[in-house]
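Notes follow the structure.
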Amino acid sequence: QVQLVESGGGLVQAGASLRLSCAASGRTDSRQAMGWFRQAPGKAREFVAAISWGGVNTMYADFVKGRFTISRDNAKNRLYLQMNSLKPEDTAVYSCAAGVIYGSSPYNYNYWGQGTQVTVSS
């Protein structure tokens with residue numbers, strides 16, 4: 001079992017930056033890919049970014065390319081999402097996930113955090 005806890009969300013104005021963190025505990029010795037997903041009110045969950053176990057490979061949803069950066073520190077069991085140039089449409093609950101298969105599908109991930117709210121005002 002892997003437990004994931006997100007932090008770093010908040011209320012910001014458009015154009016601001018936030019850095020989300022995801023702390024992993026439990027069976028962190030397994031080599032898991034990790035990802036960020038988000039869900040806005042009344043909308044389906046959507047993929048944001050993913051990173052492979054070693055951090056060499058990353059992928060992003062088109063709507064965050066050039067603005068968001070995913071990274072990880074395996075020594076600290078931490079996953080990060082640096083979000084720059086935030087837009088009101090980025091408002092959502094952001095959740096981190098861990099799984100054995102690197103990719104953008106939520107079905108690749110076995111473990112999920114509870115999420116952290118990000119609200120961007122115009």
Side-chain angles (χ1 to χ4, degrees):
Q1 290 284 347
V2 175
Q3 292 78 44
L4 303 173
V5 178
E6 303 91 340
S7 61
L11 171 63
V12 297
Q13 290 188 328
S17 298
L18 278 176
R19 189 192 195 204
L20 304 184
S21 294
C22 174
S25 60
R27 284 293 304 273
T28 56
D29 57 328
S30 57
R31 297 194 169 194
Q32 310 241 8
M34 298 193 76
W36 288 99
F37 290 78
R38 70 185 189 184
Q39 187 165 21
K43 295 186 177 181
R45 180 171 58 192
E46 60 184 355
F47 168 75
V48 176
I51 188 167
S52 59
W53 160 252
V56 173
N57 298 305
T58 59
M59 63 171 65
Y60 297 91
D62 286 344
F63 55 77
V64 303
K65 283 182 179 177
R67 299 190 298 126
F68 292 9
T69 302
I70 189 171
S71 62
R72 66 190 297 170
D73 184 337
N74 289 338
K76 296 182 179 179
N77 295 322
R78 290 269 182 166
L79 174 72
Y80 303 100
L81 185 68
Q82 178 66 43
M83 305 187 295
N84 298 328
S85 302
L86 283 162
K87 304 175 181 180
E89 51 264 42
D90 293 319
T91 295
V93 174
Y94 285 71
S95 299
C96 64
V100 295
I101 303 173
Y102 166 70
S104 61
S105 171
Y107 297 105
N108 292 2
Y109 299 92
N110 307 101
Y111 305 103
W112 293 82
Q114 292 297 311
T116 185
Q117 176 70 47
V118 172
T119 303
V120 185
S121 63
S122 57

same_hphob_cluster([X], [Y]) at 4.5 Å side-chain heavy-atom cutoff:
X	Y	value
I51	Y60	yes
L20	L79	yes
L86	I70	yes
M59	L81	no

Residue pair [X] / [Y], side-chain heavy-atom distance below 4.5 Å:
X	Y	result
R72	M34	yes
F47	W36	no
R19	Q82	yes
R67	K87	yes
W53	N74	yes
T91	V118	no

Item to check | Minimum heavy-atom distance S122-A14, with the two atoms named | outcome: CA-CB, 4.4 Å
Checklist outcome for this item: Heavy atoms of Q39 and K43 approach each other most closely as NE2-O, 3.0 Å
Checklist entry - Stepwise, does the side chain to side chain contact (heavy atoms under 4.5 Å, CB included) test hold for V100 with R31? => result CA-CA 7 Å; V100 295; R31 297 194 169 194; over 6 Å; no
Next on the checklist: Tell me if a side-chain donor or acceptor on R45 pairs with a main-chain N or O of S95 at a distance below 3.5 Å.
Outcome noted: no
Item to check | Qualifying residues under ring-ring contact (aromatic ring centres under 6.0 Å, His included), relative to F68, sequence neighbours excluded | outcome: none
Let me have the donor-acceptor pairs involving side chains of residues 2-12, under 3.5 Å, with sequence neighbours excluded, atom names and distances please.
from, atom 1, to, atom 2, distance (Å)
E6, OE1, Q114, N, 3.2
E6, OE1, G115, N, 2.8
E6, OE2, C96, N, 2.9
E6, OE2, G115, N, 3.2

Got a sec, which residues hit side-chain contact (heavy atoms from CB on, under 4.5 Å) with [X], two or more places apart in sequence or on another chain?
X	answer
S71	Y80
Q13	S121
E46	R38, F63
A33	Y102

Next on the checklist: To the closest 0.5 Å, what do you measure between CD1 (I101) and OH (Y107)?
Outcome noted: 13.5 Å
Checklist outcome for this item: Value for OG (S21) from CZ (R78), rounded to nearest 0.5 Å, stands at 5.5 Å
Next on the checklist: Could you go through Y94 and Q117, starting from their C-alpha distance and side-chain angles, then the distance that decides it, and tell me whether this counts as side chain to side chain contact (heavy atoms under 4.5 Å, CB included)?
Outcome noted: CA-CA 6 Å; Y94 285 71; Q117 176 70 47; over 6 Å; no
Checklist entry - Is a salt bridge present between D62 and K65, judged by a nitrogen-to-oxygen distance below 4.0 Å? => result yes
